[in-house]
Asks: 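Let me give you the structure first, and then I'll get to my questions.
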Amino acid sequence: MSDAVKSAETPLYRVAVRALCDFTAREGDLDHRFTPSPSAREGMAGHVLVTGRRGDGYESEIALSGRYRGLAVSGRADGFDPALNRLEEIKTHRGDLSRMAANQRALHWAQARVYGALLCAERGLESLTLALVYLDIASERETLLTEEASAGELTAFFEAQCERFLGWAEQERAHRQARDAALAGLVFPHAEFRPGQRELAEGVYKAAATGRCLLAQAPTGIGKTVATLFPTLKAMPRQGIDRLAFLTMKTPGRRLALESLARLGAEGESRDQNPEESGGGRLPLRVLELVARNKACEHPDKACHGDACPLAAGFYDRLPAARQAAVTRGWLGREALREVALEYRVCPYYLGQELARWSDVCVGDVNHYFDASALLHGLAQANAWRLALLVDEAHNLVERARGMYSIELDQRAFSQLHRSAPAPLVKPLGRLVRQWQEMVREQGGADEGQAGRPTYRVLEGLPERLVGAMQRAAAAITDYLAEHPGDAEPALQERLFEVQAFIRLADSFGEHSLCDLTRHGRGHAILGLRNLIPADFLAPRFAQAHSSVLFSATLSPAHYHHDLLGLPGDSVWQSVASPFRADQLEVRIQGGISTRLRDREASLDPIVAELAGQYQRRPGLYLAFFSSFAYLQAVEARLARLHPELSRWSQTRGMSEAERDAFLARFQAGGQGIGFAVLGGAFGEGIDLPGERLVGAFIATLGLPPFDPFNETLKARLQARFGNGDAYAYRIPGLIKVIQAAGRVIRSPKDRGTLVLMDDRFQHRDVRRLLPEWWQVG
Ligand code: SF4
């Protein structure tokens, strides 16, 4: 029995057995090859099955802890049989056990040995039998691997692991102290606050200090990014905040956050440098940019395992050095992370995933926290982090979150898979295909949708028989892939992932979602499971964060976001007054025009007259927004016919990045013409055209989603839940788009411009009161 294991000193650092072994005992290749593994639920059931088979006196879930030189290690061993003096580590698996990678097995042994050392120390045992119990989920058969070990051997192993971790633990503690000291003394990076900026920063600080959620509406141009980052960083030491996540909707938002962080960390002239070059300045703050796998991958043609990709081969052997180099560097924007990864020949994407554990600030997409299997949420839960969230452009979160909890399945893809399926899968896939056909028939005849136009129907509930067939097909494919790992055809895996995702969402199906069927013709139907009220999925996420700040220029009315996102009851609303004066923006409503579908043809001439008239009064650069490409093209064609001299250019469907840049490149000071765009598209928000680069905007739509069966169901659900169906389904999301698009015109206190709102409904009281207070509508 070792004194070290029993030591009672105050711990320097606490670590769980699993995390300790993950850090010290992983070696060899990274392997993300698809291996069907039991689900978390199956894993838990497997543990219960094994421990239930053991005799009287068997102990399960034994809490164990020990210390070594200031390191406190704790965890729960799966089981101990005192009669056999056997400690068991239980693992569930599918398929042939001999295919389990050696490094995976080594990790399991490391965990068993550490638990063994802790148990020997706690109970004064001289020796122990260690057992890895592998339970095959399909056959419920156990495979037992055992080894005998003396207490001395186990203690030596435990101490060796702790020794390997201690250096890191000491470094982490020193970093945290240095970080917190630096953040406590952090100064605002500009000589003075812009109007409204201090007010916002104070609100954000209070949210972090009181552990609340803040919904902050603040106008463009006041510097929201730095006004949210600075006070949150400042609050971190005092509030014991472990990590900060800055979450964005699009890549440009990430760049802005990184630039602000670089400026906060830098001094003097280096504040203006590119963050990748300045390395984030001198602040001892680890900043990580989280990048999607397809953007970070160096070998997109390869698979993520050591036999295929050189950056996966030996990944864990080189990870310690890469990790050390990365944290020493501190600033890990996309390029810096890539440099470190390539220097140590490891995959940049998976290195980034590892570093998310050790970074103070993660800058990434909202899905890294809100998605069903989000990395940052998982880490925060596993490590009990106090996490502060900052969500930029938060007016988009309702739609983004709906997408995270929705899925579509294409009937054709499953029929194709059935036709080419290996023999053992023909039957379960055949059943799935038949159930699909039957459901289509039940929904009103197989011929619907053949007249060239898809037909759409909201189902009354889940198609239970089809979901049952999916469950059986998923189980059969999983078993097949476990037995035939070489046959893991991409299509088979893809369909399996889709079906599994559908089943997961079906498990939690409720009034927050709907199931629908779109038929494009015989044998071609799309089954959708769509989320309508993301609050039910997001509320626990907000509750688990220490604090959250959702900010944007368009968050009114607060109750809409509060209800649909599931924000905590004590959330705070803040609206920062606009620094712009009413006389900077001439707002005109053209109430004689109706842009309703039935009035479109009649609206073309008045819209063109408005465009040409305004252009004549003040030549310059304008944006004109429409509800659809068809409407846009109709107006453009009429303008071309009646005013061919007027320069114009248009957004088109699915524009590439280069095409979008070319569209925007026409907006140069001194230029003239009208850019035609679709409201809610690429040019309706997130673009900055100050001064003469944009002198006005025309908006010929209320931005209302189409009145179709989907939106009518959405409206009914929102009415039933919140008593606000029409506003929540149509008016508010539409007006948010309108105000976002209008926000392109005035970008600074020096700008002057014109906004023309074209539709009689802009005059309605319910619509008028959703417009920004500082607008003076003429
Ligand atoms: S470089 Fe690409 S293929 Fe290789 S491990 Fe990384 S993500 Fe996978």
Side-chain angles (χ1 to χ4, degrees), residues 22-23 25-37 99-107 247-248 250-251 254 258 276 286-327 329 331-359 362-369 371-379 404 481-482 485-498 500-501 657:
D22 256 5
F23 192 94
R26 270 194 188 275
E27 52 189 35
D29 296 354
L30 179 111
D31 195 340
H32 282 269
R33 212 181 320 229
F34 174 69
T35 44
S37 50
R99 277 197 294 264
M100 178 174 281
N103 57 358
Q104 190 69 18
R105 180 73 48 79
L107 188 65
L247 305 171
T248 66
K250 293 182 188 146
T251 312
R254 286 211 310 261
L258 290 166
E276 295 284 0
R286 295 181 191 155
V287 175
L288 173 70
E289 180 181 7
L290 287 169
V291 180
R293 184 179 166 279
N294 61 351
K295 298 255 169 64
C297 179
E298 289 289 318
H299 297 284
D301 56 324
K302 297 189 167 58
C304 302
H305 56 81
D307 298 339
C309 176
L311 300 180
F315 177 90
Y316 290 110
D317 302 331
R318 295 188 296 278
L319 177 62
R323 181 168 51 205
Q324 185 59 52
V327 297
R329 197 154 168 162
W331 183 270
L332 294 167
R334 182 178 169 176
E335 275 312 307
L337 182 68
R338 180 171 182 268
E339 270 173 35
V340 175
L342 296 188
E343 187 183 339
Y344 289 87
R345 289 177 291 119
V346 293
C347 164
Y349 174 70
Y350 288 105
L351 178 62
Q353 300 270 299
E354 166 69 20
L355 289 165
R357 285 161 208 275
W358 311 109
S359 298
C362 287
V363 179
D365 188 273
V366 280
N367 66 24
H368 286 114
Y369 185 76
D371 198 274
S373 53
L375 173 73
L376 291 177
H377 175 252
L379 286 173
M404 291 175 205
L481 289 175
D487 292 0
E489 278 296 314
L492 200 54
Q493 277 183 39
E494 279 164 29
R495 296 298 84 78
L496 175 62
F497 293 157
E498 286 172 6
Q500 285 174 331
E657 211 172 311

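Counting starts at 1 for both ligands and their atoms, following the listed order.
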Asks: More than 12 heavy atoms of other residues, nucleotides or ligands under 6.0 Å from NZ of Lys295: yes or no?
Replies: no
Asks: With sequence neighbours left out, write down each residue that passes side chain to side chain donor-acceptor pair (under 3.5 Å) with Asn103, or none if nothing qualifies.
Replies: none
Asks: Show the atom names and distances, to 0.1 Å, of all donor-acceptor pairs under 3.5 Å that link a side chain in residues 303-320 to residues at least two apart or in another chain.
Replies:
from	atom 1	to	atom 2	distance (Å)
His305	ND1	Asp307	N	3.4
Asp307	OD2	Arg33	NH1	3.4
Asp317	OD1	Gly28	N	2.7
Arg318	NE	Tyr344	O	3.0
Arg318	NE	Arg345	O	3.1
Arg318	NH2	Ala313	O	2.6
Arg318	NH2	Arg345	O	2.7

Asks: Under 3.5 Å, which donor-acceptor pairs link side chains of residues 351-358 to any protein atom two or more places apart or in another chain?
Replies:
from	atom 1	to	atom 2	distance (Å)
Gln353	NE2	Tyr349	OH	3.2
Glu354	OE2	Arg323	NH1	2.9
Glu354	OE2	Trp358	NE1	3.0

Asks: Rounded to the nearest 0.5 Å, what separates atom CZ in Arg26 from atom CD in Gln104?
Replies: 6.0 Å
Asks: Among Val291, Leu290, Leu288, which residue satisfies the side chain to side chain contact (heavy atoms under 4.5 Å, CB included) criterion with Leu337?
Replies: Leu288
Asks: Can you list, by chain and residue number, the protein N, O or S atoms under 2.8 Å from atom 6 (Fe) of ligand 1?
Replies: Cys347 SG
